[in-house]
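Down below is the structure, laid out as structure tokens.
Only this structure's heavy atoms are used, side chains among them; waters, hydrogens and symmetry mates stay out. Since this is a predicted model, take the numbers as computed values, not measurements.
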Number of protein chains: 2
Amino acid sequence: MPADRPAPPRPATLDEVARVAGVSRATVSRVVNGVATVDAALRRTVERAISTTGYLPNSAARSLVTRRAGSIALVLPEQGRMLGDPFFGRVVDGVLGVVRPRGVHLVLTTAGPGTGEQVVADLRQGRLDGAVLIHTHSADPLPALLTASRLPVVLSGRPATPTAITWVDVNQTAGAALAADHIAARGRRRVATISGPLDTPAGQDRLAGFRAAMAAHGLPDVPHAEGAFTGESGAAAVERLLAEHPDVDGLFVASDLMAHGALPVLRRHGRRVPDDVVVVGFDDSSSALACDPPLTTVRQPVEDMAAEMARLLLDQVDQPGRPARSVVFAPTLVVRESS
Amino acid sequence: MPADRPAPPRPATLDEVARVAGVSRATVSRVVNGVATVDAALRRTVERAISTTGYLPNSAARSLVTRRAGSIALVLPEQGRMLGDPFFGRVVDGVLGVVRPRGVHLVLTTAGPGTGEQVVADLRQGRLDGAVLIHTHSADPLPALLTASRLPVVLSGRPATPTAITWVDVNQTAGAALAADHIAARGRRRVATISGPLDTPAGQDRLAGFRAAMAAHGLPDVPHAEGAFTGESGAAAVERLLAEHPDVDGLFVASDLMAHGALPVLRRHGRRVPDDVVVVGFDDSSSALACDPPLTTVRQPVEDMAAEMARLLLDQVDQPGRPARSVVFAPTLVVRESS
DNA sequence: CTCTGCTGAGAGAGCGCTCTCTCGATTGCG
DNA sequence: CGCAATCGAGAGAGCGCTCTCTCAGCAGAG
């Protein structure tokens, strides 16, 4: 049985430091907060007192008067969806890069029943200064809830209905055009696409962008099958596509996950990739690399986007009256063996 | 230019509720905190006042007096390592499952220079109640730092040197034995293993466990090559192994990532999996599924382990004097096409 | 009928910090 | 040399909550 572990001693308070330094609490506070109007000699005395006492400001007391929690929430889509995806980690990384140097904490949570109310409550209780929402469903009431309460919030992805809300997105249309240009450059003329769900902005834009770009390459009528951004839906979509257009030689799949589902189907139908069919995905997620062959895909600058979301959020926290903004990033094409 | 967005109004305070209900602050506090000694009628009056005012307790004020931050940190290994791995998400999920129902926030951070000091400072400032440390390096000073400061902390993985610290791990030895039994059951007799780095507990235990179990199957001298838990090191290790033992027909690789690196090398050497060589991995990470063929592997109950870590941590927070404990979970074997 | 014991609610003292207000000391200028 | 302006530091009032202490009110015992 180990010896009793006594609770850690209470850390020093401002008054103790003040007493040691022989000054008032206010002066110590000034030194701690870097206020300029403190005599250099006195400042040094105080600093010495701070280090001998091992003083660290109590954050609850500070929060109480400054009305800043010093932390923001990152709300991820419900469970399963994100877990297998490095996207998640890239987002965390991007946000952390901005938030940590400023001493702001990142509180992680996943969307789900009750999350919205909880986040709003946390915000109103002063436990949270703002929230970054990743890939909310269009039906999700949370963004509206937050906007209505005039609480700082930033969305990833253009909202389905135009709202006075700050968001960050990749230029979906341009990304799809990148894929189109690449497929055209590979000399493919019997081109088709598997789109995402057409009730999402990303689904719509990627399809529209791809069609517009292919039209510019002289192919105005690209056949398409709708998927749901999942592996199974990709497999099913490519089956439908092959049934109607067995001679397809160029395929744009609007997400890597769907492409990952589609590739084995192509193989089963005796279509070799990239020789018989060139395949291009979207997202550059881990599944792009897990594909056989590795997938050429449109990459979003996820870290940069996440960092920008964090920046926009902190701006909102600092300047509550600020109007909503949106920032759109440029995608790039990552060429691998599938094309 | 949109209209000015006024800052959200200050939420009601305890006194306002008290005034509305015609009682004292203390009584409202009792109702909010569910203290039993409040007359039922009065309680109802107060509750009505709470809902008409939309009262929500200010958490900073509460923290100030209760000395509870209501949040714990999850410290993940530095960047790259975790990002591609669903392991990360499973851990978050497990922790969140315990922490969220209790209204405790999960603060996410990654290890790195300065993280340790920051976490200790946050703990001492009362911004954090405790920390869950995932896969710390044995050289990491953070666990010792925290233990020395008598701050609540839980580790994933048995520490390299025995310490009075709470940790959770999977039974590595038993996991390796599972792999050994499976390979033996497949009738393989020319068995080898690629171990993890032997300066880590997991590396040691998996090798020792595998050897012991193979010895029990009549193979006391299993050849082995040391890897570093990375894909490249797995590829290099299997090269070395094949050079010395070209006739290997059963291979235990101490991590999926290494197995993922090793499989293409086996193929390149003309060794078919599982016909010529049976391969078993460890971790059941995403790379196990990304392997071709999908990898038979030893699975850790990551969510359960993460949940247990959270529980142990919260226990420590509630009862500071509590001695260190450790919990060991049983692994399972996931059989796929590689065996 | 008085005294004790108990229950339920109010008063008020903090928790540790920030920040405004005030004021003494120093400086500059007429 | 006197007065206003400036600078630096202290006093003290909160921030919103919890929790102990106190006390009023009432029931039951003697």
Do Asn33(A) and Arg62(A) have side-chain atoms, one donor and one acceptor, less than 3.5 Å apart?
->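 Distance-only check passes for Asn33(A) and Arg62(A).
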Please confirm whether the backbone N or O of Trp167(A) pairs with a side-chain atom of Ser326(A), one donor and one acceptor, at under 3.5 Å?
->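 A pair under 3.5 Å: no.
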Please, which pairs that meet salt bridge (Lys or Arg N to Asp or Glu O under 4.0 Å) have at least one residue in residues 42-54 of chain A, sequence neighbours excluded?
-> none
List the protein contact pattern of nucleotides 9-18 of chain C with one symbol per nucleotide (5' to 3'): B for base contact, S for sugar-phosphate-only contact, - for none; contact means a heavy-atom distance under 4.0 Å.
-> BBBBB-BBBB
Under a 4.0 Å N-O cut-off, is there an ion pair linking Arg322(B) with Asp315(B)?
->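 Answer for the salt bridge query: yes.
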Sequence neighbours excluded, which residues qualify as side-chain contact (heavy atoms from CB on, under 4.5 Å) partners of Leu108(B)?
-> Val92(A), Leu108(A), Leu74(B), Leu76(B), Phe88(B)
Partners passing side-chain contact (heavy atoms from CB on, under 4.5 Å) against Thr115(A) (at least two apart in sequence or in another chain) |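 Residues passing side-chain contact (heavy atoms from CB on, under 4.5 Å) with Thr115(A): Val75(A), Thr109(A), Val119(A), Arg100(B).
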Without placing hydrogens or testing angles, list every side-chain donor-acceptor pair under 3.5 Å for residues 15-23 of chain A, not counting sequence neighbours.
{"unit_1": "Glu16(A)", "atom_1": "OE1", "unit_2": "Thr13(A)", "atom_2": "N", "d": "3.3"}

Describe, as an angle rounded to 10 degrees, how the axis at the first end of the helix from dC1(C)-dG30(D) to dG30(C)-dC1(D) is tilted relative to the axis at the last end, five pairs per end.
->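 Computed angle between terminal axes is 50°.
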